Structure formats: C-alpha cells, structure tokens
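Each remark here refers to the structure printed beneath this line.
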Amino acid sequence: GEILTVSTKDDASIWSILGVSYFSLAQYDKALHAFEQEALQGKADKNNLRNIAFSSIRLKKSNGCDLGHQALEAFPEDGMLHNETGKICLSQKQVDRGLAHLQRAMELEPKNAIYVTDLTSYYFRHKDNANAEKWTAKAIENGLDMSTLYTNLVIACYRQGKHEDAVRWADEGYGKRRDPLLLYHKG
C-alpha cells in the first residue's frame, strides 16, 4: 500500500486500503493520515468519516467525541461506533453524551459483553449502584449469561441495602453457573 501511494497518490481507494491496513495493525496515526488523504482525493463519504472518527477516537483526539457523533448520524445502528464514541465522550467529560452512546450500544447489541462491561463499569466506578443494577439486570434479562454479571448484580444490590434482591440474584446465578464466588457474595 505504501508503495502504491507513491505511484498512484491521487487514487482515493489506495489511501482507503492503506488506512484500513494501518488501522488493523493499530497504527492509528498512520491510519488517520491515510483516511485524511483519501478525503483529499475526493472520497469524503460517510465511510471515510467513520474511519476518520474511529482513528481519531483511538488516538484520543480532542475532536473524537464530535467526530464519532457525526459519524453516527450516517451509521445510527453501529453498536461499536456508539460504544467507542461513548468512551471517548466520557474521557472528555461529556458524561451525558457518553452514557447515552454507551446505553445505545448495549441496546443495539444486548449480548455484547464488552458494551455491557463498559457501561456498567462506569456506574460502578462512580458509585451509581442503582444504574449498575439496572443495566446489569437488563443484560441478564436479554440473555447475556455470565457469572461476572451475577456477581456484579449481587454487589450492586448489597451496596444499596437491597439484601433480599442480592440473595435472589446470587441464587439465580449459582443455579445457572455454579460459581463459588456467588456463594461467597451470598454469604
């Protein structure tokens, strides 16, 4: 790809392929440059914007939240883009915007453990146990069956003084997963 950009530097598709290659190799600064070159060659379409947004987000650029939001106007059903945009927005102290994107990612792909973890981890870190409980329970109800989710749910209920709910979730989780950690938290 790099060789082709020397001989055919005006070909937007070469820059696009090169950008995707760099992105796949986690060389986000080179990927961003390639996608920007693609745009300069007249291919500033919605896919190009999406690629620029993802690269900027991975580089933690100050415009990452805004670019992700713009790309989502063209790709409103893209769970991964919502999740990545949500995380960059949170890191840039745009909490309401970030949480909305993380919640949307989870709604779009309710069985994606990464999206659930990213959202509920935020709530746990900020001691918002009610929302941690709500979204963790929602993940379980949507069919995401993991011991960790049950353990987190037990902890969230316990921290709120909802001990009967904590025991109920521990019993349900242990009945499905036989994880001794659930028995520990039940105790």
Side-chain angles (χ1 to χ4, degrees), residues 23-26 28 50-51 53-61 64-187:
F23 193 90
S24 298
L25 295 170
Y28 305 120
R50 183 179 184 269
N51 291 333
F54 267 121
S55 298
S56 297
I57 289 168
R58 294 289 167 88
L59 289 167
K60 297 180 170 65
K61 295 272 189 183
C65 181
D66 292 333
L67 286 171
H69 194 70
Q70 289 173 19
L72 281 164
E73 290 177 12
F75 297 95
E77 304 300 310
D78 187 329
M80 184 173 158
L81 186 55
H82 273 287
N83 197 66
E84 293 298 311
T85 301
K87 290 189 303 186
I88 191 78
C89 289
L90 288 177
S91 75
Q92 295 176 351
K93 309 288 189 247
Q94 296 184 40
V95 175
D96 291 341
R97 199 176 194 188
L99 289 174
H101 286 301
L102 291 177
Q103 291 169 2
R104 184 66 181 139
M106 192 177 144
E107 290 167 353
L108 289 168
E109 296 180 41
K111 292 186 180 183
N112 188 312
I114 293 170
Y115 301 168
V116 172
T117 301
D118 287 342
L119 177 60
T120 58
S121 292
Y122 174 84
Y123 289 127
F124 274 114
R125 278 192 314 274
H126 290 85
K127 300 187 183 350
D128 185 346
N129 293 297
N131 271 314
E133 175 192 3
K134 171 186 167 183
W135 288 96
T136 305
K138 188 176 221 170
I140 291 170
E141 291 165 6
N142 287 332
L144 190 58
D145 186 27
M146 298 168 49
S147 294
T148 304
L149 292 178
Y150 283 101
T151 301
N152 289 346
L153 197 47
V154 170
I155 292 168
C157 289
Y158 176 79
R159 287 178 178 171
Q160 295 175 82
K162 298 166 73 174
H163 301 117
E164 289 179 17
D165 289 340
V167 169
R168 181 177 55 80
W169 283 113
D171 287 340
E172 181 179 323
Y174 187 77
K176 292 180 178 181
R177 308 303 287 166
R178 298 288 186 219
D179 186 336
L181 190 57
L182 285 165
L183 288 181
Y184 169 80
H185 285 292
K186 178 181 176 182

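These numbers come from a predicted model, not from an experiment.
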- request: Check whether any side-chain heavy atom of Lys60 sits under 4.5 Å from a side-chain heavy atom of Gln92, and report yes or no.
  value: no

query: So Tyr184 and Thr151, side chain to side chain contact (heavy atoms under 4.5 Å, CB included) or not? Walk me through it.
result: CA-CA 10 Å; Tyr184 169 80; Thr151 301; over 6 Å; no

message: Assess whether a salt bridge exists between Arg104 and Glu77, defined as any Lys/Arg side-chain N lying under 4.0 Å from an Asp/Glu carboxylate O.
response: yes

query: When rounded to the nearest 0.5 angstrom, what is the spacing between CD in Glu172 and CG in Asp165?
result: 11.5 Å

query: Where do Ala132 and Thr136 come nearest, in terms of heavy atoms and distance?
result: O-OG1, 2.6 Å

task: Run the numbers on Ile140 and Trp169 for side chain to side chain contact (heavy atoms under 4.5 Å, CB included), then give the verdict.
output: CA-CA 10 Å; Ile140 291 170; Trp169 283 113; 4.2 Å; yes

- request: Compare all side-chain heavy atoms of Lys87 with those of Ser91 and state whether any distance is below 4.5 angstrom.
  value: no

field: Which atom of His185 lies closest to which atom of Ile155, heavy atoms considered
entry: CE1-CD1, 3.8 Å

message: Could you tell me if the side chain of Tyr115 sits less than 4.5 Å from the side chain of Leu108, heavy atoms only?
response: no

- prompt: How far does CD1 of Ile88 sit from CG of Asn83, to the nearest 0.5 angstrom?
  reply: 12.0 Å

task: Step through the shown structure and confirm whether more than 12 heavy atoms of other residues, nucleotides or ligands are within 6.0 Å of CZ on Phe75.
output: yes

- prompt: Could you state the interatomic distance from CE (Met80) to CZ (Arg50), rounded to the nearest 0.5 Å?
  reply: 7.0 Å

query: Sub-3.5 Å donor-acceptor pair from the side chain of His82 to the main-chain atoms of Gly68, do we have one?
result: no

message: Let me confirm one number: the CG-CG distance from Leu72 to Leu81, rounded to the nearest 0.5 Å.
response: 4.0 Å

- prompt: Is there a side-chain contact between Asp179 and Leu181 (heavy atoms, below 4.5 Å)?
  reply: yes

- request: For the residue pair Asp145 and Arg177, establish whether any side-chain heavy-atom pair is separated by less than 4.5 Å.
  value: yes

Test applied, side-chain hydrogen bond (donor to acceptor under 3.5 Å, both in side chains); reference residue, Glu133; option that passes from Gln160, Arg159, Lys138: Gln160

- request: Starting at CD of Gln70, measure out to SG of Cys65 and round the result to the nearest 0.5 Å.
  value: 10.0 Å

query: When Met106 is tested against each of Ile114, Asn112, Leu119 for side-chain contact (heavy atoms from CB on, under 4.5 Å), which residue passes?
result: Leu119

query: Charged N to carboxylate O under 4.0 angstrom, Asp66 versus Arg97?
result: yes

- line: In terms of heavy-atom contacts, Pro180 and Tyr174 come closest through N-CE1, 4.3 Å

message: Could you check whether any side-chain heavy atom of Leu99 comes within less than 4.5 Å of a side-chain heavy atom of Tyr123, counting everything from C-beta outward?
response: yes

- request: Look at the rings of Phe23 and Phe54 and say which category their plane angle falls in: under 30° parallel, 30 to 60° tilted, over 60° perpendicular.
  value: perpendicular

task: Please examine the side chains of Leu67 and Ile57, heavy atoms only from C-beta on, and report whether any two atoms are closer than 4.5 Å.
output: no

query: To the nearest 0.5 Å, how far apart are OG in Ser147 and NZ in Lys176?
result: 11.0 Å

His69 and His101, any side-chain heavy atoms less than 4.5 Å apart: yes

